[in-house]
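For reference, the structure is listed below as structure tokens.
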Amino acid sequence: SAVISQKPSRDICQRGTSLTIQCQVDSQVTMMFWYRQQPGQSLTLIATANQGSEATYESGFVIDKFPISRPNLTFSTLTVSNMSPEDSSIYLCSVRTGGTTEAFFGQGTRLTVV
Amino acid sequence: GENVEQHPSTLSVQEGDSAVIKCTYSDSASNYFPWYKQELGKGPQLIIDIRSNVGEKKDQRIAVTLNKTAKHFSLHITETQPEDSAVYFCAARSGGSYIPTFGRGTSLIVHP
């Protein structure tokens, strides 16, 4: 299994500002993902974080709004840029380790934009 | 792409009763079906999974069944306890993808 630490766990931000969320894993992982979970909704994949290259974004998500970094095999960041109240959600980091099919999740970052 | 439907959205039971959550999927190529439990303020945690070559899998009070022909799978929790209260997500993933498609979740409430 993998232990995932996500920071911050929650934040309240002013509209128009940006927030960077960090995801640290206790071991090297093959794949890292970022999800959004809007209130009462399911998990929506934002992007796959690629080590050493640009992230792969899902339909409806763009790099300018959600820039992602992954400098190594244990760490990634997601930035929510120019925030609006519609960005209020839980943001989740997820990883997949080599040789397993299981996906592990961090505890999430609860973001409120006011 | 894959589409996963999950029912019910809310399930309320008395402690000791059984709970059943049902999911259907659309992609016949899907072959891996995990179930996640998300407690308040926490991330989803895998509780059980099943692959397409198996029809049923049990782990203590939890069981999952899969009907490939009908493209549906279900989570069964017996002898429910208050600590089972959480949101449960089903998911489906095909062999050619690293990324599961999630259902919309079921909020299970177990009353003591």
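The sequence lines fix the lettering, A, B, ..., with proteins before strands; numbering per chain opens at 1. The figures here come from the full heavy-atom set of this structure, side chains too, leaving out hydrogens, waters and symmetry mates.
- In B/Gln60, the CD atom is not crowded: 12 or fewer heavy atoms of neighbouring residues, nucleotides or ligands sit closer than 6.0 Å.
- Open room surrounds CZ on A/Arg10; 12 or fewer heavy atoms of other groups in view lie less than 6.0 Å from it.
- Per-residue heavy-atom pair counts under 4.5 Å with chain A were compared for B/Gly105, B/Gly103, B/Ser107, B/Pro34, and the maximum is reached by B/Gly103.
- Other residues, nucleotides and ligands place no more than 12 heavy atoms under 6.0 Å from the CD atom of B/Glu79.
- Cluster annotation: B/Ile99 is not connected to A/Leu78 through the hydrophobic network of ILVMFWY side chains, with a link wherever side-chain heavy atoms come within less than 4.5 Å.
- More than 12 heavy atoms of other residues, nucleotides or ligands sit less than 6.0 Å from atom CD1 of B/Ile109.
- Remark: B/Thr101 OG1 to A/Leu43 CG distance equals 11.0 Å, nearest 0.5 Å.
- Residue contact with chain A, scored on non-hydrogen atoms closer than 4.5 Å, involves the backbone and the side chain of B/Pro44 alike.
- Of the atoms belonging to A/Thr48, it is side-chain heavy atoms, and not backbone ones, that fall under 4.5 Å from chain B.
- Tracing side-chain contacts under 4.5 Å through hydrophobic residues (I, L, V, M, F, W, Y), one never reaches A/Phe75 starting from A/Met32; they form parts of separate clusters.
- The local environment of NZ in B/Lys22 is sparse, with at most 12 non-hydrogen atoms from other residues, nucleotides or ligands closer than 6.0 Å.
- Judged by distance alone, with hydrogens and angles left aside, the side-chain atoms of B/Tyr36 form no donor-acceptor pair with the main-chain N or O of A/Phe105 at under 3.5 Å.
- In this structure, CD on B/Gln38 lies 6.0 Å from CD1 on A/Ile90, to the nearest 0.5 angstrom.
- Atom CD of A/Glu102 is separated from atom CD of B/Gln45 by 8.5 Å, given to the nearest 0.5 angstrom.
- Between B/Phe89 and A/Gln37, the closest side-chain pair of non-hydrogen atoms falls below 4.5 Å.
- For A/Leu45, the part sitting under 4.5 Å from any heavy atom of chain B is the side chain, from C-beta outward, and nothing else.
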